[in-house]
Number of protein chains: 2
Amino acid sequence: MGKIFVVGFGPGSEEHMTFRARQAIEQSDLIVGYKTYVDLVRDLIGDREVLRTGMTEEVTRAQAAVEQAKSGRTVAVISSGDAGVYGMAGLIYEVLMEQGWEPGDDPEIEVVPGISAVNAVAALLGAPLMHDFAAISLSDHLTPWEVIARRVEAAAAADFVIALYNPKSGRRTQQIVETQSILLRYRDPETPVGIVKSAYRQRQRVDVTTLEDMLNHEIGMLTTLIIGNSSTREYHGRMVTPRGYQRKYTLTGANERGRLDPMPWALGSTKD
Amino acid sequence: MGKIFVVGFGPGSEEHMTFRARQAIEQSDLIVGYKTYVDLVRDLIGDREVLRTGMTEEVTRAQAAVEQAKSGRTVAVISSGDAGVYGMAGLIYEVLMEQGWEPGDDPEIEVVPGISAVNAVAALLGAPLMHDFAAISLSDHLTPWEVIARRVEAAAAADFVIALYNPKSGRRTQQIVETQSILLRYRDPETPVGIVKSAYRQRQRVDVTTLEDMLNHEIGMLTTLIIGNSSTREYHGRMVTPRGYQRKYTLTGANERGRLDPMPWALGSTKD
C-alpha cells in the first residue's frame with residue numbers, strides 16, 4: 001500500500017513553501033494537481049510523472065491519487081495555500097470513506113500544512129488578524145447562499161475580523177455586493193478593508209480601503225479580502241487590529257490607559 | 001533606518017518553517033523572542049545577538065525591536081505559529097502608531113507568514129477545515145469574557161467549524177467548560193472534536209473525541225481544539241468535514257446523490 005501526501009505549498013512563491021512540502025514532492029513518484037499549481041512548482045517537480053487536470057476536476061484528482069496509492073505508489077496531491085483549508089485534503093478522505101476501508105488497511109495520508117491565503121494576505125496587509133477571525137467562502141457552488149449569508153451576518157454581529165475567500169468570479173458577481181450590504185448593517189462605513197490579489201505572485205496587488213468604498217476596487221478570482229473588526233485601524237496604507245479590547249498593557253507610560261478612546265463596540269448591537 | 005522582520009516559524013519543528021522565515025533570521029543582526037521560541041530555533045540563530053524575554057513581556061519585546069531598528073539594525077522578532085495571528089505583528093505596529101511616524105520615515109516592517117496553530121492542528125486531525133471556520137481565543141486577559149462567549153455562540157449558531165486557541169491555563173479553567181455548554185446548545189453531543197497538544201513537537205498528542213466527552217481529555221496551555229460543524233464526521237480516528245452542503249459531485253457513480261443522508265443542519269435553529 002502506498003502513501004498520499006496532500007501538500008499545500010503556500011501562496012505560490014517558493015520562499016513561502018515549507019521544507020516538508022518540498023520534501024513531500026521530492027519523495028513522491030507521481031504529482032497530481034490542477035494545471036496552474038503544477039506550473040507554479042514546475043522546477044521542484046523535475047521529471048517526475050505528473051497528472052494535471054482542470055480546475056473543476058478535483059474529484060478526478062482525488063480518485064486518481066487513491067487508485068495510484070492502492071497500487072503502491074507515493075503520490076503528492078498539490079495545491080496552493082493550505083490543502084487543509086477549503087482544499088483537497090477533505091476530498092481524499094471522502095473518497096476513502098466511500099470505499100469503506102478497514103482501519104489500518106487504507107493508504108497512509110499525510111496532510112502537509114501550508115501558508116493559507118488568509119495568512120499570506122494578512123502578512124501583506126500589516127496585522128489585521130490580531131483578534132478572533134472568521135474565514136468565509138462566498139462561493140455558492142456547493143453551499144446554499146442562505147447559509148453563507150447567515151455566516152456573514154453572525155460574524156459581523158459578533159465583531160469577528162472576516163476573511164472572504166472566493167469573493168467573485170466571472171459569472172458570480174452579486175455575493176460580494178450582498179455581503180457588503182450585510183456588513184454595513186453592523187460596521188462603520190469607514191471600517192478598514194484589505195483587498196489582495198495574487199499574494200506573493202507576479203501581478204500582486206495590495207489595497208487598503210474602507211467597507212463603504214470596497215466595491216470600487218478590483219475584486220476577482222484571485223482576490224482575498226479581509227474586513228476589519230470595530231477596532232481595526234488604518235496605518236500608512238496597512239491594517240492593524242489591536243490585540244484586545246481592554247488594553248492592560250501600556251506602550252509609552254503610566255498615563256497611557258487614561259488616553260484611550262472609548263470602545264465603539266457593544267455586545268450584539270448594530271449601528272442603527 | 002533599519003528593518004524589522006516579524007517572523008512566524010510555524011509549529012516548531014524546522015521542517016514546517018518556510019524558506020523566507022529561515023532567511024529572515026539569517027539576515028538579521030538581532031533576534032528578539034520569548035525564551036521558549038528562541039530555544040526552538042537555536043540552531044538557526046547560531047551566534048547572532050539574542051534578546052530573550054518572558055512570556056508576558058511582549059510589549060518590552062516590541063519596543064526593543066523598534067528601538068533597535070531605529071538605530072539602523074535588522075531585527076527579527078520571532079514567534080511560533082503565524083506572527084500575524086494573535087501574534088507580535090500587531091504590537092509592533094501599535095508601538096509605531098503610538099510614536100506618530102510620518103509615512104516613509106518609519107522602520108520597514110516585513111511580516112513573514114508562518115503555519116498557524118489552526119493549520120498545523122488541522123493537518124494532524126485529517127481535514128476538519130474544509131468549510132467556513134472561526135478562530136476564537138478563550139483567553140480573557142485582554143478581552144471581556146462576554147465578548148468571547150458571544151462569539152462562541154454566534155459561530156456555533158451559524159455552523160462554523162471552530163478553532164479554539166488558548167482554551168485553558170493553570171488559573172483559567174472555566175472558559176472551556178462554559179464554551180462546551182454553549183456549543184451543546186447548538187450542536188449534537190456526538191459532534192467530533194479534535195484536541196491537539198504540542199503539534200509537530202516532542203510530546204505531541206492528537207485525540208479525536210466528541211463534544212460531549214471533550215472535557216474528559218487533557219486540555220492545557222499547549223492545546224488547540226477544533227470543533228466540527230454539523231456535517232463533520234469521524235473516520236479512523238481523524239476528523240473530516242465535507243466541502244459543502246449540496247453535494248453536486250459524485251464519488252462512485254451516478255446514484256451517489258440519492259444515497260446521501262439528509263442534512264441535519266437548519267438555518268439558525270438549535271437542537272431543542
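Scope of the values below: all heavy atoms of this structure, side chains included, with no hydrogens, waters or symmetry mates. Everything quoted here is computed from the prediction, not taken from an experiment. Just so we're on the same page: letters track the sequence lines, and every chain starts at 1.
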Contact winner vs chain B - [options], heavy-atom pairs under 4.5 Å:
| options | value |
| --- | --- |
| A:M130, A:E110, A:E102, A:E58 | A:M130 |
| A:A123, A:A154, A:G10, A:A155 | A:A123 |
| A:I109, A:I92, A:L96 | A:L96 |
| A:E14, A:R238, A:M239, A:Q23 | A:R238 |

No-hydrogen, no-angle side-chain donor-acceptor test under 3.5 Å, A:D132 and B:Y86: yes

[X] versus chain B, heavy atoms under 4.5 Å apart: side chain, backbone, both or neither?
| X | result |
| --- | --- |
| A:V240 | side chain |
| A:Y200 | side chain |
| A:A122 | neither |

Candidate list A:L129, A:V118, A:N119, test side-chain contact (heavy atoms from CB on, under 4.5 Å), partner B:D82, passing option: A:N119

Worked check of side-chain contact (heavy atoms from CB on, under 4.5 Å) between A:T18 and B:M17: CA-CA 5 Å; A:T18 67; B:M17 183 184 299; over 6 Å; no

A:S137: side chain to side chain donor-acceptor pair (under 3.5 Å) partners, not counting sequence neighbours: A:N166

Distance under 6.0 Å and angle within 45° of ring axis: A:R151 vs B:F160: yes

Residue B:L125 versus chain A: region with a heavy atom under 4.5 Å: neither

